[in-house]
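Below: one structure, written as structure tokens.
We name chains A, B, ... by the order of the sequence lines, and we start the count at 1 in each one. Note that the coordinates shown come from a computational prediction; the quantities given were computed from them, not determined experimentally.
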2 protein chains.
Amino acid sequence: MARQQRGNSPRRATIRDIARMCGVSVQTVSRVINRRPDVSPETRAAVEAAIAQVGFQPSAVARSLVHQRSSTIGVIVAGLAYFGVSQTLNGITERSEASGYALLVKELANFETTDIVPVIEFLTAHRVDGIIFAAPELETNVRSVQAQLPAASPPIVFLKSEPSPNYTTIGIDNYAGGRQATEHLLALGRRRIGHVSGPLEWREARDRRDGWWDAIRTSGAAAGPRFEGNWSSASGRAAFEQMLTVQPDLDAIFVGNDQMALGVLHVANARGIRIPDDLAVVGFDGMAEAADFTPSLTTVNQPLRALGILAVEDLLAHLDDPDPRPARNRMLETELIVRESAPAPSARPSPAKLPPSPAVVRAPRP
Amino acid sequence: MARQQRGNSPRRATIRDIARMCGVSVQTVSRVINRRPDVSPETRAAVEAAIAQVGFQPSAVARSLVHQRSSTIGVIVAGLAYFGVSQTLNGITERSEASGYALLVKELANFETTDIVPVIEFLTAHRVDGIIFAAPELETNVRSVQAQLPAASPPIVFLKSEPSPNYTTIGIDNYAGGRQATEHLLALGRRRIGHVSGPLEWREARDRRDGWWDAIRTSGAAAGPRFEGNWSSASGRAAFEQMLTVQPDLDAIFVGNDQMALGVLHVANARGIRIPDDLAVVGFDGMAEAADFTPSLTTVNQPLRALGILAVEDLLAHLDDPDPRPARNRMLETELIVRESAPAPSARPSPAKLPPSPAVVRAPRP
DNA sequence: TTGAAAGCGCTAACAT
DNA sequence: ATGTTAGCGCTTTCAA
């Protein structure tokens with residue numbers, strides 16, 4: 001094992017060292033490094049030999065300084081521990097990697113962080129070529145971020161579902177997803193449909209709740225109970241237990257994410273509540289494990305990786321755009337995955353055909 | 001909404017612009033930026049006003065060039081979609097953020113990637129101050145990485161469990177964890193203990209299997225069947241189904257991770273196999289959701305976040321170290337979390353006291 | 001307290 | 001095919 005791990009002590013070779021070693025100018029070395037054609041084969045060989053010999057690596061820092069480009073995308077995240085966030089980051093890394101871009105990742109200390117200026121400034125100071133704001137959309141944070149954007153920032157894509165005329169956004173249609181889930185339950189003939197939501201500071205949580213609520217209202221069914229969790233399975237368990245005390249005759253429940261749904265299933269199994277006969281359950285996220293819950297979970301799949309991939313692609317496509325481009329807004333669709341916890345309506349005849357879902361109607365929400 | 005999202009078009013203000021605006025030298029501006037004391041209050045005020053006016057941000061790139069430091073840590077990951085990897089990254093971001101370090105993240109295209117040279121070179125070219133190699137440890141990759149380390153690389157910490165005299169490593173004791181799990185099952189009086197392993201190219205998978213195997217051998221019990229999964233719950237389901245055809249009278253099973261354990265529980269529940277009465281199950285990872293599996297899962301908890309945190313701390317503590325430091329090797333302990341799927345021995349009297357676990361004995365493995 | 005000069009490592013633009 | 005000059009934006013001497 002020849003080489004030791006080492007600090008920066010032995011001064012790193014520079015382009016000038018190589019030039020001296022070969023008796024050529026730095027320019028020639030630069031040409032070799034950048035695979036320019038206008039170098040004689042012999043010179044090229046000599047330079048390459050020298051480079052290999054001393055293990056020279058051109059400084060990307062110096063290059064960035066000259067080019068005013070870093071081949072780096074800044075990513076702002078929060079809550080990497082959450083399924084959605086980490087899946088999205090996964091898509092971002094995958095796609096940026098494929099185009100030779102590195103990621104400069106900054107994680108917000110907490111979700112409520114409204115002072116994002118230092119974070120953005122850190123990234124722009126590092127001259128990232130673009131920024132992806134992938135922190136969950138809270139009541140306050142995104143709007144304030146936008147208001148605070150420094151004058152000269154690179155292109156930025158917000159991963160949020162509220163479109164804006166001034167900023168590029170890519171989001172997932174959580175509202176439609178919530179409706180989709182609830183309409184599925186209605187189609188099953190269920191009429192007492194509860195909801196366990198995520199924390200309502202999260203826009204995702206509010207949108208899903210709104211979808212649930214509007215679907216119920218539209219159907220003419222009575223409002224069901226709603227309790228709030230914090231996305232964890234433990235909180236789903238707690239919320240469901242509370243809900244049972246309030247309304248024991250629930251016949252369906254739409255849960256804001258798959259993990260909380262796991263908690264619901266746990267309680268139901270423990271209490272002998274039969275799923276889906278006594279209680280139909282639909283989750284949200286589409287995590288792979290949901291297929292192996294007991295029983296397997298019907299859920300609304302989110303294209304989270306795609307979200308990350310599209311964000312990078314949008315950025316790459318518009319890196320060179322002149323100033324005040326029209327903002328691009330894009331919304332991705334969810335998809336219902338039907339499993340045992342809320343089977344297809346054909347499996348159990350639905351008592352009445354539901355009217356087709358009319359135009360969106362928003363109403364006061366529980 | 002005042003400011004528009006914009007490209008790089010309006011040339012970014014530099015320190016020189018500020019200097020001209022204030023009629024001072026660049027040096028003075030630099031002093032203000034760096035909060036040096038030797039600037040008159042009036043000058044400082046004027047400079048700060050100008051900076052605020054044009055939204056000037058000093059270029060971190062230029063600074064890095066001068067300082068030969070980037071306040072950036074390079075992270076090499078693979079399989080961000082996996083629970084362990086993402087949890088560890090979570091710890092890394094948290095800790096580095098706290099110290100003002102940014103993360104330059106590169107994801108390997110796939111696990112088998114043995115040619116990591118370009119990745120390392122990318123990071124060193126960007127003059128990261130340190131590198132954390134957080135890709136899962138495969139049969140081949142880590143060793144080859146170490147052999148290929150470029151001459152002048154910054155300090156590197158390998159997140160792997162095989163200690164090395166030449167490189168700093170931090171790992172989790174998967175072998176002990178596997179033993180721990182299996183000994184728990186033995187203490188429950190189980191004697192026909194199967195194992196669903198992860199892909200055996202992964203060192204984590206091999207170590208856990210070895211722990212299982214050695215615990216069984218040590219106890220004098222007969223070897224149980226072993227099947228290999230790919231960490232997913234679906235693969236756990238498939239592996240367990242195969243296992244049942246081979247050995248239907250299994251009374252316990254140690255599963256290489258919690259997700260595959262979920263698959264096992266799914267099959268058991270579907271077939272009416274009672275857990276833990278007919279079959280005791282122990283998983284590995286300690287993911288929070290395991291508490292809400294049906295039944296709740298006994299599992300071996302891994303300190304994954306701690307792993308990330310310690311990696312960063314090690315790096316930060318040794319950034320300025322001169323050359324060939326003695327390598328530091330560290331191993332973190334796992335912890336058994338006892339739940340319903342394999343309850344504490346007191347719950348059901350164990351037939352015989354097991355001898356205390358003797359020194360490690362490795363034997364040919366299934 | 002302030003400024004001038006040199007240089008970090010590289011590339012673009014113009015020589016030759 | 002190769003070299004020279006200038007400069008990217010900043011900080012570090014060293015002077016004044």
>> To check you understand the geometry: which heavy-atom pair defines the closest contact between A/Leu332 and A/Ala306, and what is its length?
In response: CD1-C, 4.5 Å
> How are the rings of A/Phe158 and A/Phe133 set relative to one another: parallel (under 30°), tilted (30 to 60°) or perpendicular (over 60°)?
Replying inline: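 Correct class here is tilted.
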> Residues in side-chain hydrogen bond (donor to acceptor under 3.5 Å, both in side chains) with A/Ser40, at least two apart?
Replying inline: A/Glu42, A/Thr43
>> Classify A/Ser64 by what it touches in the nucleic acid, base, sugar-phosphate, or nothing, heavy-atom distance under 4.0 Å.
In response: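 No contact at all - A/Ser64 keeps every heavy atom at 4.0 Å or more from the nucleic acid.
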> When all nucleic acid strands are considered with a 4.0 Å heavy-atom cut-off, which category describes A/Val24: base, sugar-phosphate, or nothing?
Replying inline: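 Here A/Val24 touches the backbone only, sparing every base.
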Taking only N/O atoms, report every protein-nucleotides 12-16 of chain C pair under 3.5 Å with atom names and distance.
unit_1 : atom_1 : unit_2  : atom_2 : d
C/dA12 : OP1    : A/His67 : NE2    : 3.2
C/dA12 : OP2    : A/Arg36 : NH2    : 2.8
C/dA12 : N6     : A/Gln27 : NE2    : 2.5

> Excluding sequence neighbours, so at least two apart, what forms salt bridge (Lys or Arg N to Asp or Glu O under 4.0 Å) with A/Arg63?
Replying inline: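 In terms of salt bridge (Lys or Arg N to Asp or Glu O under 4.0 Å), with neighbours along the sequence ignored, A/Arg63 is linked to no residue.
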>> Taking the axis from the first five pairs and the axis from the last five, what angle separates them in the helix from C/dT1-D/dA16 to C/dT16-D/dA1, rounded to 10 degrees?
In response: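 Nearest ten degrees gives 40° for this helix.
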> When the nearest nucleotide of DNA chain D is assigned to B/Val29 and to A/Arg44 on a heavy-atom basis, which residue is associated with the more 5' position?
Replying inline: A/Arg44
>> Below the 4.0 Å mark, does C/dC8 have OP1 or OP2 next to a side-chain nitrogen or oxygen of A/Thr14?
In response: no
> More 5' along DNA chain C: B/Ala62 or B/Thr28, using each one's nearest nucleotide?
Replying inline: B/Thr28
> With respect to A/Ile132, which candidate in A/Val105, A/Ile92, A/Leu307, A/Ile170 satisfies the side chain to side chain contact (heavy atoms under 4.5 Å, CB included) definition?
Replying inline: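 Exactly one option meets the side chain to side chain contact (heavy atoms under 4.5 Å, CB included) with A/Ile132, and it is A/Ile92.
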> For DNA chain D, which nucleotides open and close the run of contacts to chain B, 5' to 3', at under 4.0 angstrom from a non-hydrogen atom?
Replying inline: D/dC8 to D/dT12
> Would a distance-only check, ignoring hydrogens and angles, find a side-chain to backbone donor-acceptor pair under 3.5 Å from A/Glu97 to B/Glu107?
Replying inline: yes
> Backbone N or O of B/Val24 within a donor-acceptor pair of the B/Thr28 side chain at under 3.5 Å?
Replying inline: no
Taking [atom1] from [X] and [atom2] from [N], how many angstroms apart are they, rounded to a whole number?
{"X": "B/Ile33", "N": "C/dT2", "atom1": "CD1", "atom2": "P", "answer": "15 Å"}
{"X": "B/Arg16", "N": "C/dG3", "atom1": "CZ", "atom2": "P", "answer": "15 Å"}
{"X": "B/Leu65", "N": "C/dA6", "atom1": "CG", "atom2": "P", "answer": "18 Å"}

> Run the side-chain contact (heavy atoms from CB on, under 4.5 Å) check on B/Met21 and B/Gln53 step by step: do they pass?
Replying inline: CA-CA 10 Å; B/Met21 286 172 67; B/Gln53 186 192 328; 3.7 Å; yes
> Taking only residues two or more places apart in sequence or in another chain, which ones pass side-chain contact (heavy atoms from CB on, under 4.5 Å) with B/Ser64?
Replying inline: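 Checked B/Ser64 against side-chain contact (heavy atoms from CB on, under 4.5 Å); matches are A/Val61, B/Ser70.
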>> Go through it in stages, so that I can follow the logic: the residues are A/Leu103 and B/Leu104, the test is side-chain contact (heavy atoms from CB on, under 4.5 Å), and I'd like the CA-CA distance, side-chain angles, deciding distance and then a yes or no.
In response: CA-CA 6 Å; A/Leu103 260 30; B/Leu104 196 57; over 6 Å; no
>> Against A/Glu313, only a single residue in A/Arg330, A/Arg95, A/Arg328 fulfils salt bridge (Lys or Arg N to Asp or Glu O under 4.0 Å); can you say which?
In response: A/Arg95
